[in-house]
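Read the structure below first, then the notes.
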Number of protein chains: 2
Amino acid sequence: MRQESKPLREGSKLDRGSILAAAFEVLDAEGFDGLSLRLVAERLRVQTPALYWHVENKASLINLMAATISEMANRDKDRARGWRNKLLALSRALRRTMLLHRDSARLSLAASPVEDPRVIAERIAAPLVEGGLSHRQALSYCASVIAYTVGWVAYEQSQPMHKFLAQMIDFPESFETGLRALVGGLTNPPAVAARNVKSSPGP
Amino acid sequence: MRQESKPLREGSKLDRGSILAAAFEVLDAEGFDGLSLRLVAERLRVQTPALYWHVENKASLINLMAATISEMANRDKDRARGWRNKLLALSRALRRTMLLHRDSARLSLAASPVEDPRVIAERIAAPLVEGGLSHRQALSYCASVIAYTVGWVAYEQSQPMHKFLAQMIDFPESFETGLRALVGGLTNPPAVAARNVKSSPGP
DNA sequence: ACCTGAACACCGTTCAAGT
DNA sequence: ACCTGAACACCGTTCAAGT
């Protein structure tokens, strides 16, 4: 009946996936500052250096975790029409996904992209270009919306901030108010080019 | 002429101020992940435990650094009139100040407030209430604007993001576009109470 | 009051060695 | 191919001891 301190590891194989799962468990339990390869390895009943066969180093693991979150957010967002609704959906999905794991905003801001940034930018901008924005506009607006969302969640996940702010403002409501203000305030043709609206070829 | 490896410390006394200054130097040189008490102590020609007489621990030092940044931002902002202009000034001053030090956004998001949050909230909300907002509105709008600003600067300071995004978008311009959209989109009387606009006492 | 020296527990990472 | 054991450099923190 004693099943502790033995390397049985309940039949689970060690690979990137199981390491990622264990890493998220440690993150939720200890927070971003307490996330260590040693605790991840312990949870997998493995010696720490074993992780290095499947993952380059701790920074790379963090990058993979952040990429996992971005993927999840990307999965449930689309289905909205028009670039404004797409931006709203992107932000809400991102916040929803991030709130699934403790300190995910700080983790994301500590990570660097695993894919080629050009590919990421293309995938994220394409649906907005389709919705009537220029390429530059799409990237610029995305940057603003993502910055707002990640910044907001970072404060929402900060223990001392949350503890106090929660009794002063309603987090979901204030988030929505700010988000709608931001997206609603973004203009379709950029304000700079507002003069040459006379002769654009019909779609 | 040899003036290295000697504990002369050029007449500077060790106190909170000098520790803070040295900590910012280390932050700028090594980044947030490389910020350590040992490097701070080394720069002050002092043994690491000496720092603990003036500062409770590393977390406390980070809190003090973040508070220093907030203070600086608070100093040069005001002078604008109307709550919208005050929010714009707050955001721009915050970004300007943060860009003075490497990784300051991530540092701020890792910190907890040193002052009583009630006092902070009061100081930050008061000028906006004076500008015509309710207390709750003021806090909510501030939260959105600060989240946007810190989130934006976090990405702006992230090396890999910057390296790629810098050639796709203009950082200051996109920041301004998003900021004006956000602040411009916030309504004076909340959208919920948009029905009782008929009889407000003149200013 | 203020700082040093030595120590402790924890960390990321490397590498020879096992299987 | 995949993992262990042992080691290294670095870290935050504590504490007796010096002045």
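We name chains A, B, ... by the order of the sequence lines, and we start the count at 1 in each one. Values below: all heavy atoms of this structure, side chains included; hydrogens, waters and symmetry mates excluded.
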Quiz prompt | Residue from A:T97, A:V114, A:L20 passing side chain to side chain contact (heavy atoms under 4.5 Å, CB included) with A:T68 | solution = A:L20
Quiz item: Among the nucleotides D:dA7, D:dA6, D:dC3, which one has an atom lying closest to any side-chain atom of A:R38?
Solution: D:dA7
Quiz item: Rounded to the nearest Å, what distance is computed from the CG atom of residue A:D15 to the C1' atom of nucleotide D:dC2?
Solution: 12 Å
Self-check item: Atom pair distance, as rounded to whole Å: CG in A:D33 and P in D:dC11
Solution: 16 Å
Quiz prompt | Residue B:P49, side-chain atoms from C-beta onward, closest of D:dC15, C:dC15, D:dG12 | solution = D:dC15
Quiz item: Can B:R38 and B:E42 be counted as an ion pair, charged N to O under 4.0 angstrom?
Solution: no
Quiz item: Just checking, is any N or O donor in the side chain of A:S104 or A:Q157 under 3.5 Å from an acceptor N or O on the other one?
Solution: yes
Quiz item: CG of A:L61 versus P of C:dT13: gap in Å, rounded?
Solution: 10 Å
Exercise. Round to a whole Å and report the spacing from CD of B:E42 to C1' of D:dC11.
Key: 13 Å
Self-check item: Closest nucleotide among D:dG12, C:dT4, C:dC11 to the B:Q47 side chain
Solution: C:dT4
Quiz item: Any side-chain donor-acceptor pair under 3.5 Å between B:D15 and B:S18?
Solution: yes
Self-check item: C:dA1 phosphate, OP1 or OP2, under 4.0 Å from B:H54 side-chain N/O
Solution: no
Quiz prompt | Nearest listed nucleotide, side chain of A:K58, among C:dT14, D:dC3, C:dT13 | solution = C:dT13
Quiz item: Mind checking who D:dA7 pairs with, Watson-Crick or G-U wobble, both distances under 3.5 Å?
Solution: C:dT13
Quiz item: Once the angle between the rings of B:W152 and B:F171 is folded into 0 to 90°, is it parallel (under 30°), tilted (30 to 60°) or perpendicular (over 60°)?
Solution: perpendicular
Quiz item: Between D:dT4 atom P and A:L44 atom CG, what is the distance in whole Å?
Solution: 11 Å
Quiz item: In whole Å, what is the span from the CZ atom of B:R45 to the P atom of C:dT4?
Solution: 12 Å
Exercise. Could you state the atom-to-atom distance from CD of A:E30 to P of C:dC10 in whole Å?
Key: 12 Å
Quiz item: Looking at the side chain of A:S36, which of C:dC11, D:dC11, C:dG5 is the nearest nucleotide?
Solution: C:dC11
Quiz item: Closer to the 5' end of DNA chain D via nearest nucleotide, is it A:T48 or B:L39?
Solution: A:T48
Quiz item: What is the distance, rounded to the nearest whole Å, between atom CG of B:L37 and atom C1' of D:dC10?
Solution: 13 Å
